[in-house]
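As structure tokens, the structure follows; a few thoughts come after it.
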Amino acid sequence: QVHLVESGGGWVQAGGSLSLSCAASGGIFTNYAMGWFRQAPGKEREFVASISRRAVGTNYADSVKGRFTISRDNAKNTVSLQMNNLKSEDTAIYYCAGSRFSGMWATAKEYDAWGQGTQVTVSS
């Protein structure tokens with residue numbers, strides 16, 4: 001099973017940008033569709049974005065469409081999340097996830113590999 005490690009979180013003012021990265025090891029990266037989820041304090045984990053194994057397709061939560069972009073580099077075994085025009089409601093721990101099911105899944109139950117999470121704080 002692939003091992004995932006996120007990086008790139010931090011603090012930013014509203015309207016700013018951050019880029020998250022997730023490095024995969026220990027598995028065949030192209031066997032995994034990849035996703036990003038987030039969890040804010042006191043809330044359930046929610047879907048943010050996903051990308052298919054070969055980066056042919058992407059899927060986004062309505063709340064981030066037009067502001068966030070998911071991408072992957074299969075040569076480097078990485079998946080990234082570029083976040084622009086950040087809002088205070090984007091504050092959360094962001095998790096990278098991998099799914100051995102082909103597709104662009106938006107529910108956590110399809111994912112069987114998870115990173116430890118990285119904190120994103122947006123100050124208004």
Side-chain angles (χ1 to χ4, degrees):
Q1 183 168 329
V2 70
H3 178 64
L4 304 172
V5 178
E6 303 95 337
S7 61
W11 179 91
V12 65
Q13 286 190 324
S17 299
L18 277 177
S19 181
L20 305 183
S21 185
C22 173
S25 61
I28 301 174
F29 188 58
T30 50
N31 282 353
Y32 289 82
M34 299 299 295
W36 287 94
F37 289 75
R38 66 187 182 187
Q39 187 166 17
K43 295 187 177 182
E44 294 187 353
R45 189 171 299 190
E46 66 173 2
F47 168 74
V48 176
S50 60
I51 188 166
S52 61
R53 292 170 175 174
R54 300 291 180 179
V56 172
T58 57
N59 187 21
Y60 294 93
D62 288 343
S63 59
V64 307
K65 277 182 183 175
R67 300 189 297 123
F68 290 13
T69 302
I70 188 171
S71 61
R72 66 188 292 164
D73 186 334
N74 286 341
K76 295 182 179 180
N77 289 359
T78 59
V79 60
S80 300
L81 185 69
Q82 177 64 42
M83 306 184 292
N84 298 328
N85 190 22
L86 282 160
K87 305 175 181 180
S88 57
E89 51 262 44
D90 295 319
T91 295
I93 299 174
Y94 282 71
Y95 297 90
C96 173
S99 171
R100 282 176 284 186
F101 299 108
S102 178
M104 299 164 287
W105 306 103
T107 52
K109 64 182 178 67
E110 270 77 30
Y111 292 84
D112 51 3
W114 292 86
Q116 82 289 349
T118 185
Q119 177 70 48
V120 170
T121 303
V122 183
S123 173
S124 57

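Nothing here was measured: the structure is a model prediction, and the numbers come from that model.
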Can you tell me if CD on E44 sees more than 12 non-hydrogen neighbours from other groups inside 6.0 Å?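 No, not enclosed.
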List in chain and number order the residues that pass side chain to side chain donor-acceptor pair (under 3.5 Å) with S102, two or more places apart in sequence or in another chain; answer none if no residue qualifies.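 With sequence neighbours excluded, S102 shows a side chain to side chain donor-acceptor pair (under 3.5 Å) to no residue whatsoever.
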Got a sec, which pairs hit salt bridge (Lys or Arg N to Asp or Glu O under 4.0 Å) with one end in residues 114-124, sequence neighbours left out?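 Not a single pair qualifies under salt bridge (Lys or Arg N to Asp or Glu O under 4.0 Å).
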Nearest heavy atoms of [X] and [Y], plus distance in Å:
{"X": "R53", "Y": "F101", "result": "NH2-C, 4.0 Å"}
{"X": "S99", "Y": "D112", "result": "CA-OD1, 3.9 Å"}
{"X": "A55", "Y": "R72", "result": "CB-CG, 3.8 Å"}

Tell me if a side-chain donor or acceptor on [X] pairs with a main-chain N or O of [Y] at a distance below 3.5 Å.
{"X": "E6", "Y": "Q116", "value": "yes"}
{"X": "T118", "Y": "S7", "value": "no"}
{"X": "S50", "Y": "M104", "value": "yes"}

Do [X] and [Y] sit in one hydrophobic cluster, given that two such residues count as connected whenever their side-chain heavy atoms are within less than 4.5 Å of each other, even indirectly?
{"X": "V64", "Y": "I70", "answer": "yes"}
{"X": "F47", "Y": "W36", "answer": "no"}
{"X": "Y60", "Y": "V120", "answer": "yes"}

List in chain and number order the residues that pass ring pair (Phe, Tyr, Trp, His ring centres under 6.0 Å) with W114, two or more places apart in sequence or in another chain; answer none if no residue qualifies.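 So W114 forms a ring pair (Phe, Tyr, Trp, His ring centres under 6.0 Å) with F37.
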Rounded at 0.5 Å granularity, tell me how far OG1 in T69 sits from CD1 in I51.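 Rounded to the nearest 0.5 Å, the OG1-CD1 separation comes to 10.0 Å.
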First locate atom OG1 of T58, then atom CE of M34, and finally report the distance between them rounded to the nearest 0.5 Å.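 Nearest 0.5 Å value for the OG1-CE distance: 14.5 Å.
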Atom pairs and distances, side-chain donor-acceptor, residues 90-98, under 3.5 Å, sequence neighbours left out:
from	atom 1	to	atom 2	distance (Å)
D90	OD1	R38	NH1	2.9
D90	OD1	R67	NH2	3.0
D90	OD2	R67	NH1	2.7
D90	OD2	R67	NH2	3.4
D90	OD2	K87	N	2.8
T91	OG1	S88	O	3.0
T91	OG1	V122	N	2.8
T91	OG1	V122	O	3.4
Y94	OH	R38	NH1	2.9
Y94	OH	D90	O	2.6

Can you give me every donor-acceptor pair (side chain of residues 8-33, partner residue at least two apart or in another chain, under 3.5 Å) with its distance?
from	atom 1	to	atom 2	distance (Å)
S17	OG	N84	OD1	2.9
Y32	OH	V2	N	3.3

With T107 via side-chain contact (heavy atoms from CB on, under 4.5 Å) - residues at least two apart: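 Counting only residues at least two positions away or on another chain, T107 forms a side-chain contact (heavy atoms from CB on, under 4.5 Å) with K109, E110.
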